[in-house]
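What's counted below: heavy atoms across the whole structure, side chains too, no hydrogens, waters or symmetry copies. Along the sequence shown, residues are numbered consecutively beginning with 1.
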Amino acid sequence: MEGNMPHQVVRPVTERVSKDGLTIPIIDFAPFLNGTPADKHAVAMAIVDAFKSSGFLYLKDHGIPPSMTLRVFRSSAAFFARPQSQKDTLGWTTPQANRGYVRTGREKLSRVDDHSDPDDRCANPDMKESMEIGRDDVEGLPNRWPDHLDDEGKGFKEVMLEFFGMCKELHVRVMQAIALGMNLPVHFFDEYVDAGDNNLRLLHYPAVHKDVFKMNTGQVRAGEHSDYGSITLLFQDARGGLQARSPEGTFVDVTPFPDTVVINAGDLLARWSNDTIKSTKHRVIEPPKAVNEEDNGSDMYPARYSVAYFCNPNMDKFIEAIPGTYGEGEDISKTKYPGIKCGDYMVQRLTATY
């Protein structure tokens with residue numbers, strides 16, 4: 001008789017971060033990858049509900065091994081430990097390429113609707129450096145690899161290419177879940193995201209003297225912003241510092257949880273969904289209680305590392321409101337935004353940023 005018992009649909013949400021009207025659930029993705037149709041639907045609905053309410057979620061059991069993430073963080077730290085002169089030879093070039101090393105202070109985070117003076121936005125420059133890695137097979141837009149420098153540089157390239165592929169696959173799966181949760185065919189987005197026109201960003205927030213934050217209350221590690229593309233996969237270290245803006249205007253800590261990836265919706269997905277999905281502003285601060293701050297007697301806050309994988313539709317795809325997001329009669333004229341080619345949109349945003 002036991003074999004005839006009905007299947008219990010999984011409850012994919014295990015825990016939540018909740019404060020000031022902002023709720024960020026921890027969602028188990030394994031049932032979507034390996035479960036029954038009912039399990040897949042439950043996970044899909046949980047993901048879409050999170051994107052509609054807060055724009056943020058944590059995903060666990062997502063298929064990327066913790067050992068792989070550890071290799072990426074180690075390779076990233078080794079890269080940023082290189083002499084500045086070496087890193088500068090791999091410098092970021094153009095918005096069209098969006099590849100290469102970005103030294104501290106170059107990026108000016110902003111939103112499309114941010115009409116503030118660029119000089120004002122740069123008064124407190126972001127205290128980070130990054131390495132941007134795109135698709136490795138785009139003619140005329142090569143990645144800026146350090147593989148010609150030494151064997152460590154060759155290993156760096158191998159690790160990042162492997163990780164890029166894993167994140168690309170996770171992007172496809174999450175978009176399938178979004179489609180299912182929005183009552184679309186599960187493969188609706190596949191043709192929009194199969195090229196992998198995404199960006200892997202390695203981030204290093206260097207150690208900084210505590211007086212920097214004491215003397216300037218407006219100083220942050222990375223300024224308030226929203227992301228540009230469809231979704232972002234963010235892998236954090238244990239230090240913390242990421243915060244998301246709540247409906248009450250406060251900032252809520254997006255606390256690191258081991259072996260989870262933070263996923264947030266970006267501006268292009270919000271536009272694509274006719275604003276039924278939220279792209280929430282967020283920032284990175286120096287955590288109020290830094291690791292060992294009270295015990296080590298140091299005048300320095302320790303370094304922070306994170307890895308972001310910015311997911312986008314294929315650059316040649318035309319993006320307009322998703323069916324079912326613009327009201328009765330499905331009149332496309334009722335949408336909030338005109339259609340736009342993804343590549344044009346991304347260049348527009350990156351030009352305003354660098």
Side-chain angles (χ1 to χ4, degrees), residues 9-29 31-32 38-60 62 111-113 170-189 192-193 224-234 242-254 257 260-282 310-313 319-328 330 332 334-337:
V9 177
V10 298
R11 294 183 177 181
V13 177
T14 55
E15 302 176 68
R16 294 175 174 85
V17 169
S18 187
K19 184 180 179 182
D20 295 345
L22 184 84
T23 298
I24 307 176
I26 301 177
I27 299 174
D28 186 349
F29 202 50
F32 184 83
D39 292 339
K40 293 177 185 291
H41 187 262
V43 174
M45 291 304 299
I47 287 174
V48 170
D49 286 348
F51 281 150
K52 286 183 176 180
S53 61
S54 68
F56 268 81
L57 59 89
Y58 298 89
L59 210 62
K60 69 176 187 177
H62 43 71
R111 284 177 55 91
V112 161
D113 57 1
L170 181 56
H171 174 214
V172 172
R173 298 301 183 206
V174 173
M175 294 305 294
Q176 289 173 351
I178 293 172
L180 189 60
M182 295 183 73
N183 297 314
L184 297 167
V186 69
H187 295 291
F188 177 84
F189 292 111
Y192 288 92
V193 299
E224 180 181 351
H225 65 284
S226 55
D227 293 343
Y228 304 160
S230 53
I231 61 173
T232 300
L233 315 179
L234 180 68
L242 176 64
Q243 295 184 322
R245 180 181 278 277
S246 77
E248 297 181 13
T250 59
F251 279 94
V252 175
D253 291 330
V254 186
F257 288 94
T260 65
V261 54
V262 174
I263 304 184
N264 63 281
D267 294 340
L268 190 55
L269 183 57
R271 178 180 180 135
W272 207 353
S273 72
N274 209 33
D275 282 343
T276 59
I277 285 174
K278 292 183 178 179
S279 177
T280 300
K281 287 185 178 182
H282 48 284
F310 296 101
C311 305
N312 308 303
I319 303 302
E320 56 186 350
I322 297 167
T325 63
Y326 42 94
E328 296 181 5
E330 292 292 289
I332 194 70
K334 302 295 185 184
T335 61
K336 295 183 178 181
Y337 308 98

Chi angles and distances behind the side chain to side chain donor-acceptor pair (under 3.5 Å) call for Thr335, Asn274: CA-CA 6 Å; Thr335 61; Asn274 209 33; 5.0 Å; no
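- Atoms CZ and CD1, on Phe51 and Ile277 in that order, are 7.0 Å from each other to the nearest 0.5 Å.
- When all heavy atoms of Val13 and Pro25 are compared, the closest pair comes out as CG1-CB, 3.8 Å.
- Between Arg16 atom CZ and Ile24 atom CD1 the span is 12.0 Å, to the nearest 0.5 Å.
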Derivation and outcome, side chain to side chain contact (heavy atoms under 4.5 Å, CB included), residues Leu170 and Phe29: CA-CA 10 Å; Leu170 181 56; Phe29 202 50; 3.9 Å; yes
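- Summarising the geometry, atom CG belonging to Leu269 is positioned 10.5 Å from atom SG belonging to Cys311; distances are rounded to the nearest 0.5 Å.
- Across every non-hydrogen atom of Gly181 and Met45, the tightest pair is O-SD, 3.6 Å.
- In this structure, His62 and Leu233 have side chains that are not in contact, with every pair of non-hydrogen atoms separated by 4.5 Å or more.
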Candidate pair Val43 and Lys40, rule side chain to side chain contact (heavy atoms under 4.5 Å, CB included), full reasoning: CA-CA 5 Å; Val43 174; Lys40 293 177 185 291; 6.0 Å; no
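- For the atom pair CD (Glu320) and OG1 (Thr325), the distance works out to 10.0 Å, reported to the nearest 0.5 Å.
- Within the 4.5 Å cutoff, side-chain heavy atoms of Asp267 are placed close to those of Ser279.
- The main-chain N or O of Ser53 is found under 3.5 Å from a side-chain atom of Lys278 such that the two form a donor-acceptor pair.
- A pairwise comparison of heavy atoms in Ala177 and Ala44 identifies O-CB, 3.2 Å as the closest pair.
- The minimum heavy-atom distance linking Ala244 with Leu22 is given by the pair CB-CD2, 3.8 Å.
- Using a 4.5 Å heavy-atom threshold, the side chains of Ser230 and Val193 count as separate.
- Note that the CG atom of Leu242 and the CZ atom of Phe56 stand 5.5 Å from one another [nearest 0.5 Å].
- Phe257 has its side chain out of reach of Lys60: every pair of non-hydrogen atoms, C-beta onward, lies at least 4.5 Å apart.
- Put simply, the side chain of Ile319 does not reach to within 4.5 Å of the side chain of Arg271, judged on heavy atoms.
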Pair Val174-Leu59, side chain to side chain contact (heavy atoms under 4.5 Å, CB included): steps then yes or no: CA-CA 10 Å; Val174 173; Leu59 210 62; 4.1 Å; yes
Step-by-step side chain to side chain contact (heavy atoms under 4.5 Å, CB included) determination, Phe32 to Ile47: CA-CA 11 Å; Phe32 184 83; Ile47 287 174; over 6 Å; no
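- Closest heavy-atom contact between Ser18 and Thr23: OG-OG1, 3.1 Å.
- Separation of atoms CG (Leu180) and CZ (Phe189) is listed at 11.0 Å; rounding is to 0.5 Å.
- Side-chain contact between Tyr58 and Val254 is present, with heavy atoms from C-beta onward closer than 4.5 Å.
- In terms of heavy-atom proximity, Tyr192 sits nearest to Phe188 at CD1-O, 3.7 Å.
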Worked check of side chain to side chain donor-acceptor pair (under 3.5 Å) between Asp227 and His282: CA-CA 9 Å; Asp227 293 343; His282 48 284; 3.3 Å; yes
